[in-house]
Amino acid sequence: MISDSLREVAAALQEASRLLLLAHVSPDGDSLGSLLALRQVLLRSGKQVSVYVPGGVPLRYQFLPGADTVLSKPEQLPDEPATIVVLDCGEWERVGLPADRFAGQPIVNIDHHRTSCGLGQANYIDSEAAATGLLLLRLFSHWEVALDVPVATCLYAAIASDTGFFRYSNMTAEVHLAAATLLTAGADQVQIYENLEKKSFSYLKALALVLERLDAFADGKGAYSYLTLADLDSLGLTNSESEGLVNYPRSVAGIQVAAFLVEMEPEVYKVSLRSRAPLDVSTLAALFGGGGHARAAGCTLHGSIDDCLQQLSEAAVRMG
Ligand code: AMP
Ligand code: MN
Ligand code: MN
């Protein structure tokens, strides 16, 4: 069954001849895999397509087909008006470009965040879906696209990233069927796993520090750890390479909420939140202007690490 919103989004994309594809800052496997899969499919139908990722594609995702074509600086953006497609993101604040830059241009939004309300004229939002990559697979199947290796690789990487390689609680039969379809189309699971899961020395040294600092917060309801700018500097790690470290506080037995904080600018922390039912971290993140899903969400906090932890602790305790 194809929903009306998917039909509308499909029509808006088909009508467009020039498109600019955007996602969220701090790009992850789902946002990058989705951007590059949609790029390939749109290019095949003769459209002009640009993809913009603020700061560029992190090293571990550079194996994705088309990663070398991504624009990384605002001054590289094409001047001509285009249909703007925002993937895996439901708020302009997280796109990394001001909304007024695209005033008067058609906007299409495809996303799966619970906190998304649809920032386009055409929106396909399914907060039950495990990944934006899964929504694109539904779109491609509606279009009867023949999946090739590059598209299958991008979508498999997108879905594997947001499901922790098919392990998280967002897993469904549809996701396993999607994985089977993508493997049949030629996605190389071993190569994708190698690329997404390989670790640098600096990452593993950062992990040692993160584990050393692991502690309880919110009256024992949660576990957290963090990295400061000084840590990143001395380890030779970029903040985008700290992705995944929240999984360590998350794995502590008996906790309901996990937090990992990484300092992006002096006294500005990007907070990754994870939870076990019934606590909904998208609600917790929303208290601080962030958002996400029930089991995985994020926000930005300002202040010293102690200030940030106190804000988080108080809010998590209040949530009951
Ligand atoms: P992360 O901890 O960065 O892996 O993010 C977990 C989930 O929350 C992902 O689906 C993100 O897209 C979402 N998320 C992270 N930070 C924010 C934010 N500031 N606002 C809305 N959603 C967010
Ligand atoms: Mn994402
Ligand atoms: Mn996603």
Side-chain angles (χ1 to χ4, degrees), residues 21-38 53-55 57-58 60-61 64 86-96 109-119 124-137 154-165 168-171 175 178 196 210 224-227 238-250 257-264 268-275 280-302 308 312:
L21 313 187
L22 307 171
H24 58 79
V25 292
S26 302
D28 56 20
D30 188 30
S31 61
L32 293 166
S34 295
L35 285 168
L36 293 171
L38 185 58
V53 175
V57 177
R60 63 199 288 236
Y61 299 114
L64 291 171
V86 181
L87 298 178
D88 197 39
C89 181
E91 309 89 27
W92 269 110
E93 297 69 47
R94 280 223 312 146
V95 172
N109 190 198
I110 304 178
D111 188 28
H112 70 129
H113 289 95
R114 178 173 287 203
T115 41
S116 263
C117 37
L119 49 74
Y124 178 41
I125 314 284
D126 179 356
S127 61
E128 299 291 310
T132 299
L134 193 65
L135 304 184
L136 289 184
L137 188 59
C154 291
L155 289 185
Y156 190 93
I159 297 169
S161 292
D162 263 21
T163 58
F165 271 89
Y168 295 162
S169 60
N170 54 6
M171 275 304 300
V175 180
L196 293 183
V210 163
Y224 77 93
S225 191
Y226 65 94
L227 288 173
T238 60
N239 48 41
S240 73
E241 290 171 304
S242 67
E243 199 190 329
L245 288 170
V246 67
N247 288 321
Y248 295 90
R250 191 185 79 105
V257 55
F260 178 75
L261 299 90
V262 60
E263 195 173 14
M264 306 295 279
V268 179
Y269 284 86
K270 174 187 187 293
V271 185
S272 287
L273 296 166
R274 301 291 184 266
S275 71
D280 177 344
V281 272
S282 72
T283 312
L284 179 59
L287 294 174
F288 300 105
H293 316 281
R295 304 276 83 81
C299 60
T300 301
L301 289 178
H302 297 258
C308 295
L312 268 185

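All residue numbers refer to positions in the sequence shown, counting from 1. Read the numbers this way: they start at 1 and go in the same order the structure lists the ligands and their atoms. Since the structure is predicted, the reported quantities are computational estimates derived from the model, not experimental observations.
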- Can you figure out which of Glu93, Arg114, His113 has its heavy atom closest to atom 10 (O) of ligand 1? His113
- Task: Could you grab the distance from atom CZ of Arg114 to atom CG of Asp126, nearest 0.5 Å is fine?
- Result: 11.5 Å
- Message: Within the structure, is a non-hydrogen atom of Lys270 found at a distance of less than 4.0 Å from ligand 1?
- Response: yes
- Query: Taking both backbone and side chain into account, is any N, O or S atom of Cys89 nearer than 2.8 Å to the Mn ion (ligand 2)?
  - Reply: no
- Note on the structure: Of all the N, O or S atoms in Asp162, the one nearest to the Mn ion (ligand 3) is OD2
- atom 17 (C) of ligand 1: the protein heavy-atom neighbour that sits closest, reported with distance to 0.1 Å: Gly298 O, 3.3 Å
- Message: Taking 2.8 Å as the cut-off, does Asp28 contribute an N, O or S atom near the Mn ion (ligand 2), distance below it?
- Response: yes
- Item | Atoms in ligand 1 flagged as close to Ser272, the criterion being non-hydrogen separation under 4.0 Å | 1 (P), 2 (O), 3 (O)
- Starting from atom 4 (O) of ligand 1, locate the nearest protein heavy atom and write down its residue, its atom name and how far away it is, to 0.1 Å. Arg274 NH2, 2.9 Å
- Query: To which protein heavy atom is atom 8 (O) of ligand 1 closest, and what is the distance rounded to 0.1 Å?
  - Reply: Ala297 CA, 3.2 Å
- Message: Checking side-chain polar atoms at under 3.5 Å, does Asp88 have a donor or acceptor matched by the opposite partner on Ser34?
- Response: no
- Measure the spacing between OG of Ser31 and CG of Leu36 and express it to the nearest 0.5 Å. 9.5 Å
- Would you say the side-chain atoms of His112 and Asn170 include a donor-acceptor pair closer than 3.5 Å? no
- Query: Does an N or O anywhere in Asp88 fall below 3.5 Å from an N or O of ligand 1?
  - Reply: no
- Nearest non-hydrogen protein atom, atom 21 (C) of ligand 1: Gly291 N, 3.1 Å
- State the NE2-OG distance between His293 and Ser275, to the nearest 0.5 angstrom. 11.5 Å
- Does the side chain of Pro58 come within less than 4.5 Å of Glu243's, by heavy atoms? no
- Query: From the Mn ion (ligand 3) out to just under 2.8 Å, does an N/O/S atom of His112 turn up?
  - Reply: yes
- Message: Just verifying a value: how many Å separate Asp162 CG and Met171 CE, rounded to the nearest 0.5 Å?
- Response: 12.0 Å
- Shortest non-hydrogen contact from Ala178 toward Ile159: CB-CD1, 4.2 Å
- Message: Using a 4.0 Å cut-off to any heavy atom of Gly290, which atoms of ligand 1 qualify?
- Response: 18 (C), 19 (N), 20 (N), 21 (C)
- Item | Nearest option to atom 7 (C) of ligand 1, as decided by whichever heavy atom of Ala296, Cys299, Gly244, Ser26 sits closest | Ala296
- Would you call Tyr61 and Leu196 a side-chain contact if the rule is heavy atoms closer than 4.5 Å? yes
- Item | Pairwise side-chain contact, Val95 with Val86, heavy-atom cut-off 4.5 Å (strictly under) | yes
- Message: My understanding is that we take every heavy atom of each candidate and find the minimum distance to atom 12 (O) of ligand 1. Doing that for Glu91, His24, Arg94, which one comes out nearest?
- Response: Arg94
- Task: State the atoms of ligand 1, each with its element, that fall below the 4.0 Å cut-off from a heavy-atom position in His293.
- Result: 10 (O)
- Note on the structure: The reported gap from OG in Ser242 to CG in Leu227 (rounded to nearest 0.5 angstrom) is 6.5 Å
- What is the name of the N/O/S atom in Asp88 that sits closest to the Mn ion (ligand 3)? OD1
- Task: Give the atom name of whichever N/O/S atom in Asp30 sits closest to the Mn ion (ligand 3).
- Result: OD2
